[in-house]
Amino acid sequence: FVVAAPLGKRFGERTMIGISFILSAVGYTLFYPFGPGYIPYVEWAPLSNNRAVEVTGCSWQNTWCLEQHKLNIVQFIVSNCMILFCFPIGTVLTVSRVSKVLGPHPQGTMMGILTGVGSLARAMGPPIFSSLFQSLGPPACVYVLTPALAAASILTFLSKNHLDSYQSRREKLQRSLLS
């Protein structure tokens, strides 16, 4: 959140919103398991002498476990860092840009809609993607999130002129009327 404003001023908010979407899409693409070997099934061992045993692996209920590669730890760290860096930048700059596009018009309704859509995504995302992950495995989540973020970045770049601030649109209109 701290670096969003300086990056927005340096490179432009609209550009940084698109870049944050692109880098988030790359981050989610990196979640595709390319690692060596396959995910082992969970081996349940009885606990003895009150020692806790860490159980790792894939549940026998998931049919995709037999052909799914492991996720490399470096891949996991890099993709998480990309997403954790880009998501707040995109969120802060999007809210800022919406506020600037609306200008002096009442902003409560539009900001409420923006916040409501974000809240709905945070509420519905986990159950939807948990069931998607449970039934089809990690690649299914990658196949949904990456194209969605790529489409968002393409739409951001295509609608770049429509995301001008109210003040700059007003100045352009005044210049065109005067000339």
Side-chain angles (χ1 to χ4, degrees), residues 1-35 70-133 136-176:
F1 293 112
V2 175
V3 298
L7 285 174
K9 287 179 184 174
R10 171 121 166 95
F11 300 107
E13 286 182 351
R14 295 172 293 183
T15 304
M16 284 308 300
I17 290 170
I19 289 173
S20 70
F21 286 154
I22 289 171
L23 291 178
S24 294
V26 170
Y28 281 113
T29 303
L30 289 176
F31 266 122
Y32 190 87
F34 295 114
K70 292 180 184 179
L71 183 64
N72 190 343
I73 188 69
V74 175
Q75 203 180 337
F76 178 76
I77 291 171
V78 169
S79 61
N80 265 323
C81 287
M82 288 181 77
I83 293 167
L84 291 175
F85 179 73
C86 293
F87 179 76
I89 290 174
T91 303
V92 168
L93 293 178
T94 300
V95 170
S96 172
R97 179 49 50 180
V98 168
S99 173
K100 289 177 184 175
V101 167
L102 292 175
H105 300 294
Q107 297 183 8
T109 303
M110 289 307 293
M111 292 304 213
I113 290 171
L114 186 64
T115 304
V117 168
S119 297
L120 183 65
R122 283 188 293 277
M124 296 305 297
I128 290 170
F129 282 97
S130 294
S131 61
L132 189 65
F133 180 88
L136 301 173
C141 296
V142 172
Y143 296 150
V144 171
L145 289 171
T146 301
L149 286 166
S153 62
I154 290 168
L155 286 174
T156 300
F157 285 116
L158 290 177
S159 64
K160 196 171 183 181
N161 294 334
H162 296 286
L163 296 175
D164 285 341
S165 69
Y166 176 83
Q167 186 65 30
S168 66
R169 285 182 300 172
R170 187 173 177 199
E171 289 170 1
K172 286 179 189 176
L173 182 61
Q174 286 176 348
R175 278 194 304 258
S176 68

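Predicted, not measured: the structure shown is a model, and the values here were computed from it.
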- Just jot down the ring pair (Phe, Tyr, Trp, His ring centres under 6.0 Å) partners of Phe34, sequence neighbours excluded, or say none.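 Scan of Phe34 (ring pair (Phe, Tyr, Trp, His ring centres under 6.0 Å), adjacent residues dropped) gives Tyr32.
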- Phe157: partners by ring pair (Phe, Tyr, Trp, His ring centres under 6.0 Å), with sequence neighbours left out: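 Scan of Phe157 (ring pair (Phe, Tyr, Trp, His ring centres under 6.0 Å), adjacent residues dropped) gives none.
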Is there a donor-acceptor contact under 3.5 Å from the side chain of [X] to the main chain of [Y]?
X      : Y      : result
Ser96  : Val92  : no
Ser99  : Val95  : no
Thr146 : Tyr143 : no
Ser153 : Ala150 : yes

Heavy atoms only: give me the nearest [X]-[Y] pair and the separation to one decimal.
X      : Y     : result
Val142 : Tyr28 : CG2-O, 3.4 Å
Met16  : Leu93 : CB-CD1, 3.4 Å
Gln75  : Leu30 : NE2-O, 2.8 Å

- Item | Beyond-backbone contact of Val3 with Phe85, side-chain heavy atoms, under 4.5 angstrom |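 Yes; the side chains approach each other to less than 4.5 Å.
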With rounding to the nearest 0.5 angstrom, report the [atom1] to [atom2] distance, [X] to [Y].
X      : Y      : atom1 : atom2 : answer
Ile113 : Leu120 : CD1   : CG    : 13.0 Å
Ile17  : Ile22  : CD1   : CD1   : 12.0 Å
Leu149 : Thr156 : CG    : OG1   : 10.0 Å
Leu102 : Leu114 : CG    : CG    : 9.5 Å
Thr29  : Leu23  : OG1   : CG    : 11.0 Å
Thr115 : Met110 : OG1   : CE    : 10.5 Å

- Task: Output every pair passing salt bridge (charged side-chain N to carboxylate O under 4.0 Å, His left out) with a member in residues 98-126, not counting sequence neighbours, ordered by first then second residue.
- Result: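 Pairs touching residues 98-126 that pass the test: Glu13-Lys100.
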